[in-house]
Amino acid sequence: MILYGASGHAKVIIDILIDNKINIDGLIDDNNQIEELLDYPVYHCLTKFNSVKNKSYIVSIGNNRIRKEIVAKLGDVKFGTVVHSSVILSPFVSLGVGVVVMHGSIINSSSKIGNHVIINSRAVVEHDCLVGDYVHISPGAILCGNVKLEEGVWVGAGATIKQGVTIGKWSVIGAGAVVISDVPSNVVVAGVPSKLIKVHDV
Ligand SMILES: CC(C)(COP(=O)(O)OP(=O)(O)OC[C@H]1O[C@@H](n2cnc3c(N)ncnc32)[C@H](O)[C@@H]1OP(=O)(O)O)[C@@H](O)C(=O)NCCC(=O)NCCS
């Protein structure tokens with residue numbers, strides 16, 4: 001496995017790869033000042049991995065827009081999906097490619113998780129949720145049942161989203177928010193209950 005992005009987020013993914021007994025071939029980062037992460041080599045050029053057989057990638061960057069850009073840059077490569085052994089995962093869940101499911105999280109029955117999604121530590125995705133591509137559900141956040149997150153949504157740490165609510169594309173839910181009704185695309189909401197605090201410049 002090759003990780004693209006030598007960040008703090010990548011350190012946690014390395015733990016998951018070790019837990020899954022997956023070989024780590026190395027990392028790539030655009031910042032050529034970074035030479036290693038947790039003793040794994042960090043390279044600055046994809047060709048470094050030309051000789052690796054059956055390679056697959058995970059983009060180890062928490063920012064949803066940057067993760068999407070890097071996935072596009074990598075083009076037609078194979079992406080892995082990894083789940084820490086402490087996760088409770090219903091057999092009726094579908095997971096896309098490039099997904100990372102971190103320590104202690106729960107994904108319940110009939111939820112569908114898109115591509116390049118991060119389900120961070122101890123997050124809860126209840127039954128029948130639809131999670132779009134490039135979503136990040138931060139540590140301890142809770143999606144009650146039948147929640148829909150469209151592409152690129154970032155749910156802040158410890159936020160709770162009430163059952164049946166839809167969050168529009170690329171919107172951000174502040175840490176600790178309680179979201180009780182639908183949120184449009186490209187906005188930031190925060191607070192209990194959550195209120196609009198910003199509209200993105202997109
Ligand atoms: C919501 C968030 C994205 C807003 O960031 P921002 O756009 O830089 O906003 P600002 O810090 O300029 O704050 C704007 C206003 O919203 C308020 N605010 C910001 N975050 C808030 C939050 N989580 N809950 C309640 N109010 C919040 C600020 O107090 C400020 O209010 P004011 O205008 O009355 O002073 C950010 O604060 C946040 O919660 N990020 C999530 C962090 C997280 O979960 N990290 C996990 C990483 S894995």
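These figures come from a predicted structure and were not determined experimentally. Ligands are counted one by one from 1 in listed order, and the atoms in each one are counted from 1 as well.
- Each of the following atoms of ligand 1 lies closer than 4.0 Å to a heavy atom of Trp154: 40 (N), 41 (C), 42 (C), 43 (C), 45 (N).
- If you number the atoms of ligand 1 from 1 as listed, the ones under 4.0 Å from a heavy atom of Ala190 come out as 21 (C), 22 (C), 24 (N), 25 (C), 26 (N), 27 (C).
- Checked by atom type and distance alone, the side chain of Asp19 pairs as donor or acceptor with a backbone atom of Ser85 at under 3.5 Å.
- Contact atoms of ligand 1 toward Ala157: 43 (C), 44 (O) (distance under 4.0 Å to a heavy atom of the residue).
- Distances from ligand 1 to the non-hydrogen atoms of Pro139 include at least one value under 4.0 Å.
- Listed by number with element, the atoms of ligand 1 under 4.0 Å from a non-hydrogen atom of Val188 are 1 (C).
- Atom numbering of ligand 1 starts at 1 in the shown order; those under 4.0 Å from a heavy atom of Gly156 are 44 (O).
- In this pair, Tyr43 and Phe49 present their aromatic rings perpendicular. The plane angle is above 60°, beyond the 30 to 60° band.
- For the pair Arg67 (side chain) and Val135 (backbone), a donor-acceptor distance under 3.5 Å is present.
- Taking a cut-off of under 4.0 Å to the non-hydrogen atoms of Ile197, the atoms of ligand 1 that pass are 16 (O).
- The ligand atoms of ligand 1 that sit less than 4.0 angstrom from a heavy atom of Gly174 are 1 (C), 23 (N), 39 (O).
- Heavy atoms from other residues, nucleotides or ligands lying under 6.0 Å from NZ of Lys11 number 12 at most.
- Considering Lys198, Met102, His200, Lys195 only, the shortest heavy-atom separation from atom 7 (O) of ligand 1 involves Lys198.
- Inclusion of Val172 in the set of residues having an N or O under 3.5 Å from an N or O of ligand 1 is not warranted.
- Looking at Ser138, Ala159, Gly176, Ala175 and measuring to atom 47 (C) of ligand 1, the nearest heavy atom belongs to Ser138.
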